[in-house]
Amino acid sequence: MQYWLMKSEPDVYSIQDLQAEKSKTCDWEGVRNYQARNFMKDMQKGDQVLFYHSNAKPPGIVGYCTINKTAYPDETSLDKKSNYFDSKSTKEINRWVKVDLKLKKVFSEILSLDFLRGQKTLKDMLLLKKGSRLSVQPVKKTEFDKILKLAGVK
DNA sequence: GCCAACGTTGGC
DNA sequence: GCCAACGTTGGC
């Protein structure tokens with residue numbers, strides 16, 4: 001079992017949007033960064049994922065999910081009308097993948113970036129490192145547990 | 001809207 | 001394979 005953090009801009013897709021899905025699941029489309037993609041390929045069913053709102057007021061962790069389906073082709077890269085179109089991908093050789101998430105919990109309050117920076121035990125989190133922009137990143141079990149505790153889930 | 005920190009692209 | 005130019009991310 002591994003732990004991850006995934007970023008989404010709430011204007012594009014928020015955790016409330018996920019909550020509004022009947023199935024409480026979503027396809028995590030549109031990742032167009034190799035490092036992020038490689039992490040997605042490493043994900044196993046049942047892995048736990050923190051859901052982060054970026055470009056939000058305030059930015060922060062808003063809940064968590066589990067991996068419902070491991071990596072498979074992201075066909076939005078083939079759709080000329082999609083924002084995620086990639087001219088170098090074909091049906092045969094599609095560079096990009098997505099995973100499916102299932103919502104576990106929406107935190108009662110956002111754990112804002114500011115608040116997280118104030119937590120000494122989280123200071124090594126990738127998310128809090130200067131210049132860290134990865135939209136999919138690994139999280140240590142200790143960090144994940146701490147965050148659930150801070151959110152009042154555990 | 002600014003801009004620092006990264007990633008990617010493409011000419012050489 | 002280097003690296004300058006360009007594009008993107010994302011906090012502020």
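Because only heavy atoms are used, hydrogens play no part in the values below, and waters and symmetry mates are left out as well, while side chains stay in. Lettering follows sequence order; numbering is per chain, from 1.
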Should the heavy atoms of other residues, nucleotides or ligands under 6.0 Å from NZ of Lys102(A) be counted, would the total exceed 12?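 Yes, NZ of Lys102(A) has more than 12 neighbouring heavy atoms, counting only those of other groups under 6.0 Å.
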Applying the ring pair (Phe, Tyr, Trp, His ring centres under 6.0 Å) test to Phe51(A), which of Trp28(A), Trp4(A), Tyr64(A) qualifies? Trp28(A)
Rounded to whole angstrom units, what separation is found between the [atom1] atom of [X] and the [atom2] atom of [N]?
{"X": "Asn33(A)", "N": "dA5(B)", "atom1": "CG", "atom2": "P", "answer": "18 Å"}
{"X": "Leu126(A)", "N": "dG10(C)", "atom1": "CG", "atom2": "C1'", "answer": "15 Å"}
{"X": "Gln137(A)", "N": "dG7(B)", "atom1": "CD", "atom2": "P", "answer": "12 Å"}
{"X": "His53(A)", "N": "dG11(C)", "atom1": "NE2", "atom2": "P", "answer": "12 Å"}
{"X": "Lys129(A)", "N": "dG11(C)", "atom1": "NZ", "atom2": "C1'", "answer": "18 Å"}
{"X": "Leu134(A)", "N": "dT8(C)", "atom1": "CG", "atom2": "C1'", "answer": "13 Å"}
{"X": "Leu127(A)", "N": "dT9(C)", "atom1": "CG", "atom2": "P", "answer": "16 Å"}
{"X": "Asp11(A)", "N": "dT9(C)", "atom1": "CG", "atom2": "C1'", "answer": "14 Å"}

For Glu9(A), answer base if it contacts any base atom (sugar-phosphate contacts may also be present), sugar-phosphate if it contacts only those atoms, and nothing otherwise; contact means non-hydrogen atoms under 4.0 Å.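 Glu9(A): no heavy atom of the nucleic acid under 4.0 Å.
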Ignoring the backbone of [X], work out which of [options] is nearest its side chain.
{"X": "Tyr34(A)", "options": "dT9(C), dT8(B), dG11(C)", "result": "dT8(B)"}
{"X": "Gln35(A)", "options": "dG10(B), dG11(C), dG7(B)", "result": "dG7(B)"}
{"X": "Lys88(A)", "options": "dG10(B), dG11(C), dG10(C)", "result": "dG10(B)"}
{"X": "Arg95(A)", "options": "dG10(C), dT9(B), dG7(B)", "result": "dT9(B)"}
{"X": "Pro59(A)", "options": "dG7(B), dG11(C), dT9(B)", "result": "dG11(C)"}

Verify whether the ring centers belonging to Tyr72(A) and Trp96(A) lie closer than 6.0 Å. no
What is the minimum heavy-atom distance between Phe85(A) and Asp79(A), and which atoms define it?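 Closest pair (atom of Phe85(A), atom of Asp79(A), distance): CB-O, 3.2 Å.
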What about Arg32(A), does its side chain sit under 3.5 Å from the base of dT8(C) through a donor-acceptor pair? no
Looking at [X], does any N or O in its side chain come under 4.0 Å of the phosphate oxygens OP1/OP2 on [N]?
{"X": "Lys7(A)", "N": "dT9(C)", "result": "no"}
{"X": "Tyr52(A)", "N": "dG11(C)", "result": "yes"}
{"X": "Lys130(A)", "N": "dA4(B)", "result": "no"}

To the nearest 0.5 Å, what is the distance between NZ (Lys24(A)) and CD (Gln19(A))? 5.5 Å
5'-most contact on DNA chain B: Asp86(A) or Asn55(A), nearest heavy atom basis?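 Its nucleotide being nearer the 5' end, the pick is Asn55(A).
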